[in-house]
Amino acid sequence: MRNTRPLWISVIFVGVLIVGSLTGFFTKTLQPTLGLDLEGGLSVILAAPAGTPRDVLNQALENIRSRVDAFGVGEPEIFVSGTNIEIQLPGLAPGTIQARAKDQYCLEDPEGTSYGCAADQATVQSAIGDISVTPVPKTVCIVNGNGQPLDQKKLCFGAQSLADSALQGITVAPKASASPSASVSPSPSPSASPAPPTAGAGQYCLTDATGATFGCFPGKAGATKAQGALSTKVTQNTYCLTAASTTAPSPAPTPTTSPAKAKKSPSPSASPSPSPSPSAFSTLSTEDHPAPLPCSFGTKAKAQEALAALTPVHATQTFCVLGSSGKNLGCYLTRPEASARQQETGQQHLLEVIGETARLEERQVQQIVGPTDPSYASIPLTCATPEEQQTPSCGFEALAKKPVVYMGSGGLKYELGPVVISGSEITKATAVYQQATQTNLQTGWAVQFQLDKTGASTFADITTRLAALPQGDPTKQIAIAVDRKIISSPQVVGAITGGNGVITGSFSEQRAKDLATQLNAGALPVELTRQSVQTVSPTLGKQSLRQGIVAAVAGLIALFLYLLFYYRLLGVVAWLGMSIWAILALALVSIAGGQFGYSLTLAGVAGLVISLGVTADSYIVFFERLKDEVRSGKTPRSAVQPAFKRAYRTIVAADSVTGIAAIVLYVTAVSSVKGFALTLGVATGLDLFVVYFFKRPTVFLIARSERLVNLRGFGLTSGVAAEPDAISGGSR
């Protein structure tokens with residue numbers, strides 16, 4: 001027993017692996033990831049310009065992979081072939097919408113739009129009490145002392161901060177011409193009205209950074225007084241529904257003191273007041289993607305009407321979008337919202353996101369030229385045509401330190417300086433919906449970003465320098481461009497030193513999320529052109545797989561009957577060994593799919609089938625060698641050791657040749673041939689494992705059992721042929 005202990009340990013070890021693998025299969029924790037031809041999906045080829053360096057293509061490949069991963073596509077296959085990037089996305093079929101039971105109460109308006117849910121109705125009712133109507137400035141103008149706007153077109157703004165900056169930029173300056181001003185002089189106050197000019201007195205005007213005047217006065221004192229009377233005034237509001245995030249605590253009773261004690265302790269210490277508690281609205285669940293509170297009412301009455309219409313509604317189900325692989329892509333309270341999410345994850349939308357270069361640049365504005373400017377037609381755009389964009393001179397590195405001209409909204413041409421901040425310096429980007437507040441008067445979707453250390457330092461330097469420029473100077477703006485298109489050009493009001501920023505540009509929700517995804521993954525370092533797009537159906541692949549499985553089972557049965565007839569008990573060992581090999585091979589494929597992104601394709605199945613034939617050869621080599629040893633006069637017990645030693649050398653040599661061929665094929669081949677080479681190589685290595693840790697100890701243990709060796713018609717001796725007859729001859 002002592003000599004057989006290592007043999008038993010080896011067999012038990014293999015048995016534990018088999019039990020674990022079968023448990024994983026039955027519990028579905030181990031399942032192979034199917035490839036494009038077995039599951040269906042999308043095949044895309046993106047072409048780079050001729051002569052693109054290999055390292056640039058590899059960087060583009062990694063960025064595309066990050067974008068695909070953000071969509072939750074299972075195990076994509078992305079590789080470089082020449083100057084092409086081939087993308088195979090298995091399982092990218094339209095998602096399905098599944099209605100699920102969920103008992104909750106939601107805060108809804110009459111149109112069915114939900115703004116949050118809770119488990120009980122009382123919480124939702126309390127949340128309504130936390131909502132109020134808040135006016136948000138829509139138009140803010142600079143006005144004189146009488147409250148009249150100085151200039152409706154030039155000095156009215158959509159945000160309080162812009163109006164404040166413009167107000168600070170208005171100064172008192174001498175009038176350029178000695179003739180009386182033709183502009184209408186404002187009346188900042190009754191006492192500041194312009195007086196008749198006196199002899200020798202110059203005229204002074206209220207002037208902004210561009211030189212435009214907004215009223216002139218016969219003396220500097222009058223102009224200065226008019227400037228001091230200027231202020232900002234909200235001339236038009238929009239009304240929003242806003243909810244408090246906390247509720248104020250009830251005031252704690254103030255301890256009283258007697259006059260006598262007051263003399264000794266005139267300043268008694270106040271008792272600590274309780275901290276504010278979260279409001280009921282802030283506790284509402286956002287799991288089912290509720291909508292933000294509305295903020296677009298033209299009058300206060302309409303906003304109050306909308307607030308009064310909010311009611312708790314009993315909801316009994318939610319609609320979840322499931323990908324083709326079963327992954328939950330989000331749950332929504334209404335089917336239309338779920339349908340919109342389903343469309344967002346479709347093939348066409350993914351193609352748009354992964355193929356877009358998404359190169360973000362922030363450049364200082366040098367000049368803005370409108371279509372009415374005489375020089376407009378003579379200013380060419382930088383890299384405007386697709387042909388130019390494919391040339392090296394239009395690459396990011398080539399243009400980073402050069403001035404460029406990009407197109408903005410309204411047909412404006414922006415003359416820009418060198419790149420200040422690029423997308424590569426953004427470490428994190430998040431799509432957010434901005435509610436109107438006192439410090440942020442704009443509502444809508446935006447992208448918040450965070451810069452790395454180098455980018456934060458550069459951004460702080462440039463914003464500090466631009467903040468000191470006078471209001472109205474076009475060079476005070478930083479233009480944000482994505483793929484040579486200006487999406488916004490905000491003015492720098494103050495230095496931004498925290499390394500954080502916000503990109504606005506009238507984004508839709510999906511565009512903001514896509515831009516955040518692209519910024520997180522990184523811009524493509526080269527312009528790619530979509531060469532071909534093919535939707536692959538899994539029907540043919542699954543039919544081939546089904547036919548292959550039927551053929552494999554039939555072949556295994558025939559092989560088992562042959563081995564059983566020819567090798568008897570050893571045939572059973574061979575059949576068990578190949579079954580163990582098949583289970584472990586499938587387990588390895590499943591683990592590789594979950595851990596390393598390997599997808600099983602028809603080519604991979606072919607590799608496994610061929611490896612099964614190699615495994616069968618390993619058993620035959622051993623058994624035939626054992627037969628030779630027994631026929632030479634040895635007993636099965638003494639023959640098994642040298643037989644395995646010699647046979648194993650042959651098996652290792654044969655498997656090594658197959659393994660080397662698989663490695664060479666994997667390194668030199670592309671696409672599905674790599675899957676064939678990978679499964680062939682791994683399965684061949686697995687054959688050596690099963691031969692040494694299962695077949696060797698099992699046959700050794702059988703050879704040491706007299707009962708199994710001499711089992712009538714089925715024993716080891718029967719399997720390797722009877723011992724040779726004694727040589728006749730000699731004297732009696």
> Rounded to the nearest 0.5 Å, how far apart are OG1 of T213 and CG of L206?
Replying inline: 8.5 Å

> Without hydrogens or angle criteria, can the side chains of N58 and E62 be said to hold a donor-acceptor pair below 3.5 Å?
Replying inline: no

>> Would you compute the distance between atom CD of Q477 and atom CG of L416 and round it to the nearest 0.5 angstrom?
In response: 10.0 Å

> Does any N or O in the side chain of K233 come within less than 3.5 Å of the main-chain N or O of C141, such that one atom is a donor and the other an acceptor?
Replying inline: no

> Within 45° of the axis and under 6.0 Å from the centre of the six-membered ring of Y376, does NZ or CZ of K413 qualify?
Replying inline: yes

> Side-chain contact, heavy-atom cut-off 4.5 Å: N237 with K138?
Replying inline: no

>> Please check this pair: side chain of D373 against backbone of S375, looking for a donor-acceptor N/O pair closer than 3.5 Å.
In response: yes

>> Please give me the minimum heavy-atom distance between Y406 and A481, naming the atom from each residue.
In response: CD1-CB, 3.8 Å

>> What verdict does the side chain to side chain contact (heavy atoms under 4.5 Å, CB included) test give for L451 and N500, after you've listed the backbone C-alpha separation in whole Å, the side-chain angles of each residue and the deciding distance to 0.1 Å?
In response: CA-CA 6 Å; L451 297 170; N500 299 318; over 6 Å; no

> Given the rule in the side chain to side chain contact (heavy atoms under 4.5 Å, CB included) test, do I64 and L528 qualify, once you have shown the distances and angles that lead to the verdict?
Replying inline: CA-CA 11 Å; I64 291 176; L528 298 176; 3.9 Å; yes

> Going by heavy atoms in the side chains, are C117 and V124 under 4.5 Å from each other?
Replying inline: no

> What's the shortest heavy-atom distance between A244 and S279, and which atoms?
Replying inline: O-OG, 2.5 Å

> Of the options T464, I462, I478, which is the one that meets V492 in a side chain to side chain contact (heavy atoms under 4.5 Å, CB included)?
Replying inline: I478

> Got a second to check how far L469's CG is from Q364's CD, nearest 0.5 Å?
Replying inline: 7.0 Å

> Nearest 0.5 Å, what's the CD1-OG1 distance between I170 and T207?
Replying inline: 9.0 Å

> What is the ring orientation for F459 with F449, classed by angle as parallel under 30°, tilted 30 to 60°, or perpendicular over 60°?
Replying inline: perpendicular

> Can L107 and I131 be said to form a side chain to side chain contact (heavy atoms under 4.5 Å, CB included), step by step?
Replying inline: CA-CA 11 Å; L107 177 60; I131 303 174; 3.8 Å; yes

> Do the side chains of D288 and Y332 get nearer than 4.5 Å, heavy atoms only?
Replying inline: no

> What pair of heavy atoms forms the shortest contact from I128 to L310, and how long is it?
Replying inline: CD1-O, 3.5 Å

> CZ of F214 to SG of C205: how many Å apart, nearest 0.5 Å?
Replying inline: 11.0 Å

>> We want to know whether T454 and D452 form a side-chain donor-acceptor pair, criterion being a heavy-atom distance below 3.5 angstrom.
In response: no

> Near E287 CD, under 6.0 Å, is it more than 12 heavy atoms from other residues, nucleotides or ligands?
Replying inline: no

> V419 versus K401: any side-chain heavy-atom pair under 4.5 Å?
Replying inline: no

>> Between E388 (side chain only) and A384 (backbone N and O only), is there a donor and an acceptor less than 3.5 Å apart?
In response: yes

> What closest approach, in Å, do L399 and C394 show between heavy atoms, and which atom pair accounts for it?
Replying inline: CD1-O, 3.8 Å

> Backbone N or O of F297 within a donor-acceptor pair of the T238 side chain at under 3.5 Å?
Replying inline: yes

> Quick one: does T242's side chain get under 4.5 Å of V136's, heavy atoms only?
Replying inline: no

> Is there side-chain contact between Y204 and T224, with heavy atoms separated by less than 4.5 Å?
Replying inline: no

> Yes or no on side-chain hydrogen bond (donor to acceptor under 3.5 Å, both in side chains) for Q59 and D55, after CA distance, side-chain angles and deciding distance?
Replying inline: CA-CA 6 Å; Q59 182 61 52; D55 58 339; over 6 Å; no

> With side chains defined as the heavy atoms from C-beta onward, is the minimum distance between E108 and S114 less than 4.5 Å?
Replying inline: yes

>> Please give me the minimum heavy-atom distance between A479 and I486, naming the atom from each residue.
In response: CB-CD1, 3.9 Å

>> With side chain to side chain contact (heavy atoms under 4.5 Å, CB included) as the criterion, how do T382 and R484 come out once you've worked through the C-alpha distance, each side chain's angles and the decisive distance to 0.1 Å?
In response: CA-CA 8 Å; T382 303; R484 305 184 188 91; 5.8 Å; no

>> Measuring from atom CG of L230 to atom NZ of K225, what distance do you get when rounded to the nearest 0.5 angstrom?
In response: 13.5 Å

> Under the 3.5 angstrom rule, does the side chain of T232 hit a backbone N or O of D164 as a donor-acceptor pair?
Replying inline: no

> Sub-3.5 Å donor-acceptor pair from the side chain of D130 to the main-chain atoms of F281, do we have one?
Replying inline: yes

> Does any non-hydrogen side-chain atom of P371 lie less than 4.5 Å from one of L412?
Replying inline: yes

> Closest approach of K476 and L466, non-hydrogen atoms and distance?
Replying inline: NZ-O, 3.2 Å

